[in-house]
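These notes concern the structure reproduced below.
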Amino acid sequence: MNLRLSQEQIVFGLAVMLCIGFAIALDGFLTTHNILNLVRSVSILGILGVAMGLVVIGRGIDLSLVAVMAISVAWSLQLAASGMPLLYALALGFLFSLVVGLINGFLIAYVEIPPIFATLAMGTLVYGFGRYFLFNLDVLYVPDDAEYMIWFGQGVLFGIPVPIFLFAAVCFGAYIFLRYTRYGRYLRAVGDNQLAARITGIPARPIVVMQYMLSSQIGFIAGIITAASVLSMNTRIANSTFIYDVILVVVLGGIGLSGGRGGIRNVIVGTLLIGILLNGMTIMDIQYTVQNVIKGVILLSAIVIDTILNPRDEQTAQQGDI
Amino acid sequence: MSISNIIIRWRYRFIPDHLVGEILSKNWIDNVIPMLFLMAVIGVFGAAIPDFFSAGNIANLMRQWGEFSLVVLALTIVIVAGGIDLSVGSTFALGNIVALALLNVAEWSMPAVVVATLAIGATVGLVNGYLVGYLRLRAFLTTLVTLIIVRAIVDMLLLEYSIQIASGFIDSDAWYFLGEGYIFSMPFSVVVTVILALILHLVLSRTRAGWHILAIGGSRRSAHNIGIPVRRVICSTYIISGTLAALAGLLFASRLGGAGADTGIGLEITALTAAVIGGNSLGGGRGSAAKAIIGSITVVLMVNSLVRLGITSGANSLLLGFVLLLAVAIDIRWVKNRLKVLSNVYVSPTLAELPPAPATVAPSPYAVNDRLGTVEQIGLDEIDGPEDVILDDNDNIYAGDRTGNIIKFFAPDYKQREVYAHIGGRPLGMAFASDGSLVCCIGGMGLYRITAERKVEKLTDETKRSLFSVIDDSRLRLADDLDIAPDGRIFFSEATVRYEMHEWAVDCIESRGNGRIICFDPNTGETSTVLKNLVFPNGICMAHDGQSFLFAETWACRISRYYFDGPKAGTVEAVIPDLPGFPDNINRASDGTYWLAIIGVRTPTLDLALKMPGFRKRMARRIAPDEWLFPNINTGCIVRFDDQGTIIETLWDLGGKNHPMITSMREHKGHLYIGGIFSNRIGKLKLDGFDPHWTGQKSYWGRK
C-alpha cells in the first residue's frame, strides 16, 4: 500500500475534514448561500493565487503582485474620476501593470537579481511611484456610472456571484495555457531547470519576462474585481501582509517554490482550505488576531506534514533555495 | 636602444600591473561597492540636509541604528548559513511588548525582564530552527508563517495589555539606562551592537563554528557530506537570530517605552534590504558582520534622511525601492563578473629581456651529445615525479613523489622500495642535515624535516610579511629547493608568491621577480627573507667555500652567487648570466665543481614572447590556458660548471628516449642519480674519472 500522500492530497483532506467538522458543529455552514459566499470571498485570493502560481512554477516569486494590482487599478479609477472614459482608463491601468511586469521580468531575467528581492523592491517602488506621481489619496472610489464594471464584482449569474465565474475562468485559462500551449510548457521547463531548458533551445529569459507580465495582468483582473466588489480600491493593501496570504495559498496547495512542480489544481485546493478556514472561524465569531494564529498554526502543520511525508534529500536539494 | 624600448622598459618597471589582480583577489574587495554606495548616501544627504553632521542628529541616528543593526546582524547570521528569517520583525515586536508587559504589568525586576525577553526571542528562534534545521522545512515559508503567528500573538498581547503599559510607570534607572544611557559617550545600544558585531566577525572569520556556518551556506550538501552537523548549526543560527531580534526589541522598548500596533511591521524587509545592500548574498556562503554594518548604516541614513527632508511617504518608498534595485543590480553584476575580471587580469606579464641564447652545437660547451643514452633506470613506473633525489650514507635513494610521499629505494640494486614518510604536500628539494635528518621543501606547505626516526616535523611555513604587499606573502606557497650552511642555517628558495604549486608554469608567462630566498635558522627558530624579487628562484647549492651559495633563477636563465658570510657578505654576483635553457637544481660535484640541471631548452619563440609583454597579456586574456605559450620543460640536459661560471661539460639525451626530463641530479660514489618532476623513473649514470668514494654527506659534513 502506498501511503505517500502528496501535499495537495494532504491539504485537500484537511479541507474536507474541516468542512465536515464545520458542517457538523456549525449551524448554517453547509447552506448553499454560505458555500457560495465562502467561494466568493476567496475568489480574489484565488485569482491572485493563480497569478502567483504561474510565477512560482517558473521558479520565481512575485512579491509586487498586490502592490501592482492596487496601484494600477487605483490609477485607472483616478483617471476615470477625472473624466476619462472608464474603458480607456482601465486600458491604461492594464498597460501600466504590463510595463511593471516587463520591468520585473527584465530585472530578474537579464540583470539576474533574485526574484524575491527584485519584486520586493519593485512593490515598494511602484507603491511610491503611484502615491507620488499618479494620485494623492489612500482610497479611490469607483465612479457611480460604471455599472458594468461593478457587475464584475457584485453581479449574479444563474444564482451564482460573478466573481466565482471569473475565478473559474482564470483557472481554466491558466490550466489551458500551462497544459496545452507551447509557452505554458516552456514556462514549466524553465522553472524546472533553467539551464537545461536553455540548452534545449527554449528562450529561457523571454519566458521569465513573460511569466511576470502574465502575473501582473492576472493581478490587474483581480484588482478590478476587488474594486468592483467594495466600490473602492484601498492602496494601503500594498503594504499589508495580503501578499503573504497569496503565497501561502500557492505553497499550501503544493506548488513547490523550487519551480517546475504543481498546477492550477493546487491553487484551487489551497484556496479552498483558506476559504473554509476563514469562513468557519468567522461564523464561530473568533477574534481576528486569534484567527491569524489558528491560520498560521494550520499552515505550519500542513508544511510540516508535507515535509515529513516527502522529506527533502540533502543530496538533491538545490543550493540557494530558500 | 630605441626610445620606444626605453619607454616600454620604464613602463614595466614602474607601473605595478600585477597589483590590480592582487587587489581584486582580496576578500575585502567585496565590500567596496557597498562602501562606495554608503559614501554616496552620506555625500548626497550630507549636502541636502543642513544639520546632517550635527551632534544631535548623529546621536539620534546612532540610537536608531543600534537597534536596527542588531536585527540586521540577526538576519545576516541566518542568511550566511543559507537560510532566511522573515520573522525578525515580529520577534522584535514581541520582545518589545513582552519586556514592557513584564515590567509594567507583572512588575518583574529589570534583570529578570532582560533574561525573560531574550529567552522568549530564543524560543521563537528555536521553533524556527527546529522546523528549518531539523525538519528541513523551507526557510522562507516557515519563517513567513511564524512571522504571521508571532505578529498575531503580539496583537493579542497588545489588546490585553496596551492600556496598562501606557499608564504604567517604571521606576528603574537601570531600565532607562538601556535605552538612554551612555557608555564612553556612546549610546548603550550602539556599544552593545558594536560588541556583538565584533564577536560575530571574529566567530565567522576565525572560529570553527563560523566556518561551519559559512560552509553550510556555501554548499549545504558538501557540508553535510564532510560531516558538519548541518541541522544543529542551522538550528542555532535561528536561535541566535531570534535572541538578537528580541534584544533589539528590548532596547527599543526601553528607549520609547510604548507599545504600538505598528512596531516592527515591515522591519524584516528593511533589514533584508540592509543585509543585501551590504553585500550579503541571499542563498548563503558570502557575508560578514562588516557587510551587515555597512548595509544597516546605509539604510538607516537613507530612511531617516528622507523623512527629515520632508518627502512624502510615496516619494520615500519610490526612492527607497529604486535605490535598492540599483544597489542590488550593481552588486549582482559585481559578484558575477569579479572572478571573470580577476581571471583575466591576474596574470600580468612584464618585460623580460633574456641575453642571447648560446649555441648548442660544437664548438659551444653546450654542444648536443648522447651521453645520457646509457642511463640506467631505477624504479621505472614505480615512482611518479621525483623532483629531487638524494642518497644517504648507506647508498639508499630517497625521492619525493606526486602523491605526497618520500619513497626510499634500498641499496644495492634499488629493486625494493618503501614509503619512507608521508607528508601530504609535494616534496621538492631535499638535503641531509648534519644530524642525519632529511630536510625537505614541500610545495604548498613549507619547510619540513624528517628525523632519523622518520618523524615528520614542520620547520617553518611562514616568513615575515613584507611591508607593502597586497597579497599575503607571509605564507610559503612554493618552497622549492634548499641547502644547509655549515652553521646549520637552512637557505631555501620560494619560487613564486603569486601562484600555487599546480600553477607554477604560469609564473613564466609573467617572468616577474615574484620569488625570493628565505633563511630558516634552526638555532633561533626564526625565518627571514634574504633576497627578494628573484625570477623563479629554484636550485640552491652551498658553494665549496662555505660562505656563499649559488642559486638558479629559472625564467631568467641565470646562475648567481650570494654571500651570506665573509668579506663580501650580503652581495650577489652573477656566475652564469646566459644559459641556453631554464636552470633547476644545482648540486656539488666531487671535484669542486657543480652540477646543474637544465629543465628545458629555450626556444626563439618564447624568448621573443618574453620581450613582448603586451603579447603575453593578450594571450593570457583571450585564449584558454591550455593554448598558452609555455616554456619547453621536456628536453633538458645536465651541465657541469665551476666557481667562475665556466662550462666544463654538458650531458644530453639526444634521442629523448632515456632520460630527457631532468630537474635534479646528485653525484654519489662515482655515479650520477637523476630526477625529473614529470618523470616516471630515477636515472643512474656511471661517471668516469670521478672519485668513487665521494658522497654529498662527506662533502658537507665531513663524516665517514
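What you see below is based on every heavy atom in this structure, not just the backbone, and it leaves out hydrogens, waters and symmetry mates. Throughout, protein chains are lettered first and strands after them, A, B, ... in sequence-line order, and every chain is numbered starting at 1.
Taking the side chain as every heavy atom from C-beta outward, A/Thr124 and B/Leu318 never approach each other to under 4.5 Å. Between A/Asn292 and B/Arg151 there is no side-chain heavy-atom pair separated by less than 4.5 Å.
The number of heavy atoms from other shown groups lying within 6.0 Å of OH (B/Tyr130) does not exceed 12. In A/Arg198, the CZ atom is not crowded: 12 or fewer heavy atoms of neighbouring residues, nucleotides or ligands sit closer than 6.0 Å. The local environment of CZ in B/Phe37 is crowded, with over 12 non-hydrogen atoms from other residues, nucleotides or ligands closer than 6.0 Å. Other residues, nucleotides and ligands place no more than 12 heavy atoms under 6.0 Å from the CZ atom of B/Phe322. The local environment of CZ in A/Phe12 is sparse, with at most 12 non-hydrogen atoms from other residues, nucleotides or ligands closer than 6.0 Å.
Of the atoms belonging to A/Gln287, it is side-chain heavy atoms, and not backbone ones, that fall under 4.5 Å from chain B. For chain A, the nearby part of B/Leu147 is the side chain; its heavy atoms alone come within less than 4.5 Å. For B/Ile149, the parts lying near chain A are the backbone and the side chain together; criterion is any non-hydrogen pair under 4.5 Å. If you measure heavy-atom distances from A/Leu300 to chain B, the contacts under 4.5 Å come from both the backbone and the side chain. Only the side chain of B/Leu159 comes within contact range of chain A, with heavy atoms under 4.5 Å apart. For B/Leu325, the parts lying near chain A are the backbone and the side chain together; criterion is any non-hydrogen pair under 4.5 Å. Contact of A/Val297 with chain B is made through backbone and side chain together, with heavy-atom distances under 4.5 Å.
Residue with the most contacts toward chain B among A/Asp245, A/Ile294, A/Ile113, A/Leu63: A/Ile113 (heavy-atom pairs, distance under 4.5 Å). When each of B/Leu135, B/Ile269, B/Thr273 is scored by its heavy-atom pairs under 4.5 Å with chain A, the top score falls to B/Ile269. With chain A as the partner, the residue from B/Asp155, B/Leu131, B/Leu144 showing the most heavy-atom pairs under 4.5 Å is B/Leu144.
In plain terms, the two heavy atoms of A/Val111 and B/Arg333 that are nearest each other are O-NH1, 3.1 Å.
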